[in-house]
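Working notes, beginning with the structure itself.
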Amino acid sequence: MSDDELDDLLTPKLAPADPEWLDTIRLRTQPRRPRAYKPSIAALMMLAIGFAAGWYLKPNSPPQTIIETVIERVPVPEPISQPEVLAALTADQLELQAERTTDREQSARLFKQAGDEYLKSNAIESAMRCYRQHLDELGPDGLAVRNEDSWLLSSIKNSRPQGD
């Protein structure tokens, strides 16, 4: 094939314009405008009837119960003065002195101080031992958690059954 023949084959040929065909293409490719929404009287009536039926047939709701919270003022007991701390004694000496004391209240106070000292020095097992002996000396009355209690003593108090 020669170049002239190829040019003849590759050159686009214009088809005669068919008016019907052009109108069809124009209609299919033109963007369509959305229809304007015009509510009809029938649609508005149906909406009104549905609203009225829903209003009339709504279930009767039970009366609401009102819960009133009454806050009572409870007098806060005066803070208990810190017992005298025997600062010169170590935790071991406090524990030994508590074991030798015959007065239960004094012994309980000394065991608590020894437990606090052990807890400050991260001797948790020794602190737990002293706190348990402190609670044993106080009996069931000593299970109430107080503000001045350490976290470990509070935990031991909470873990004990209330009649122990």
Side-chain angles (χ1 to χ4, degrees), residues 24 26-164:
T24 305
R26 188 177 301 118
L27 285 175
R28 287 186 181 178
T29 59
Q30 277 183 344
R32 295 184 183 201
R33 286 188 282 156
R35 291 184 178 180
Y37 178 71
K38 294 181 182 176
S40 64
I41 299 294
L44 290 176
M45 289 299 292
M46 291 301 291
L47 182 65
I49 289 171
F51 181 74
W55 185 265
Y56 180 73
L57 296 175
K58 72 177 181 179
N60 292 334
S61 60
Q64 294 180 347
T65 56
I66 298 173
I67 299 173
E68 184 176 324
T69 305
V70 178
I71 299 174
E72 295 181 15
R73 293 186 181 256
V74 177
V76 178
E78 293 183 21
I80 300 172
S81 62
Q82 289 290 337
E84 61 196 54
V85 178
L86 302 175
L89 299 178
T90 64
D92 294 331
Q93 292 170 340
L94 286 169
E95 185 177 9
L96 184 62
Q97 190 174 3
E99 289 173 354
R100 291 181 181 165
T101 305
T102 57
D103 182 23
R104 292 179 71 92
E105 188 175 316
Q106 178 77 9
S107 177
R109 184 175 57 82
L110 289 171
F111 275 126
K112 182 178 182 304
Q113 287 177 354
D116 290 342
E117 291 299 318
Y118 279 128
L119 190 60
K120 285 179 189 174
S121 62
N122 282 336
I124 303 295
E125 292 178 11
S126 298
M128 287 175 61
R129 181 184 64 242
C130 287
Y131 285 148
R132 283 192 200 112
Q133 289 174 337
H134 163 74
L135 292 176
D136 289 342
E137 292 292 322
L138 289 178
D141 297 335
L143 290 179
V145 179
R146 297 192 172 105
N147 286 340
E148 64 268 3
D149 291 345
S150 66
W151 63 270
L152 183 59
L153 180 58
S154 298
S155 176
I156 294 172
K157 284 181 177 183
N158 287 332
S159 67
R160 283 202 172 192
Q162 292 293 335
D164 193 19

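Owing to the predicted nature of the structure, the values given are computational and were not obtained by experimental measurement. Because only heavy atoms are used, hydrogens play no part in the values below, and waters and symmetry mates are left out as well, while side chains stay in.
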To the closest 0.5 Å, what do you measure between [atom1] ([X]) and [atom2] ([Y])?
X      : Y      : atom1 : atom2 : result
Arg104 : Asp136 : CZ    : CG    : 8.5 Å
Ser150 : Ile156 : OG    : CD1   : 7.5 Å
Ile49  : Leu44  : CD1   : CG    : 11.0 Å

Check this for me: Asp103, atom CG, are more than 12 non-hydrogen atoms of other residues, nucleotides or ligands nearer than 6.0 Å?
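It does: Asp103 CG has more than 12 such atoms within range.
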When you look at CD of Glu99, are more than 12 heavy atoms from neighbouring residues, nucleotides or ligands closer to it than 6.0 Å?
yes
So which atom in [X] and which in [Y] form the shortest heavy-atom distance, rounded to 0.1 Å?
X      : Y      : result
Asp149 : Lys112 : OD1-CE, 3.8 Å
Glu95  : Ala114 : N-CB, 3.8 Å
His134 : Leu153 : CD2-CD1, 4.1 Å
Leu89  : Gln93  : CA-OE1, 3.2 Å

Determine whether a donor-acceptor pair (N or O, by modelled atom type, separation under 3.5 Å) exists between the side chain of Thr101 and the backbone of Gln97.
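Present.
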Do Tyr131 and Leu119 touch side chain to side chain, with heavy atoms closer than 4.5 Å?
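Result yes, sub-4.5 Å side-chain heavy-atom pair found.
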Please tabulate, for the side chains in residues 120-127, all donor-acceptor contacts under 3.5 angstrom to protein atoms that are two or more places apart in sequence or on a different chain.
| residue | atom | partner | partner atom | Å |
| --- | --- | --- | --- | --- |
| Ser121 | OG | Glu117 | O | 3.4 |
| Ser121 | OG | Tyr118 | O | 3.1 |

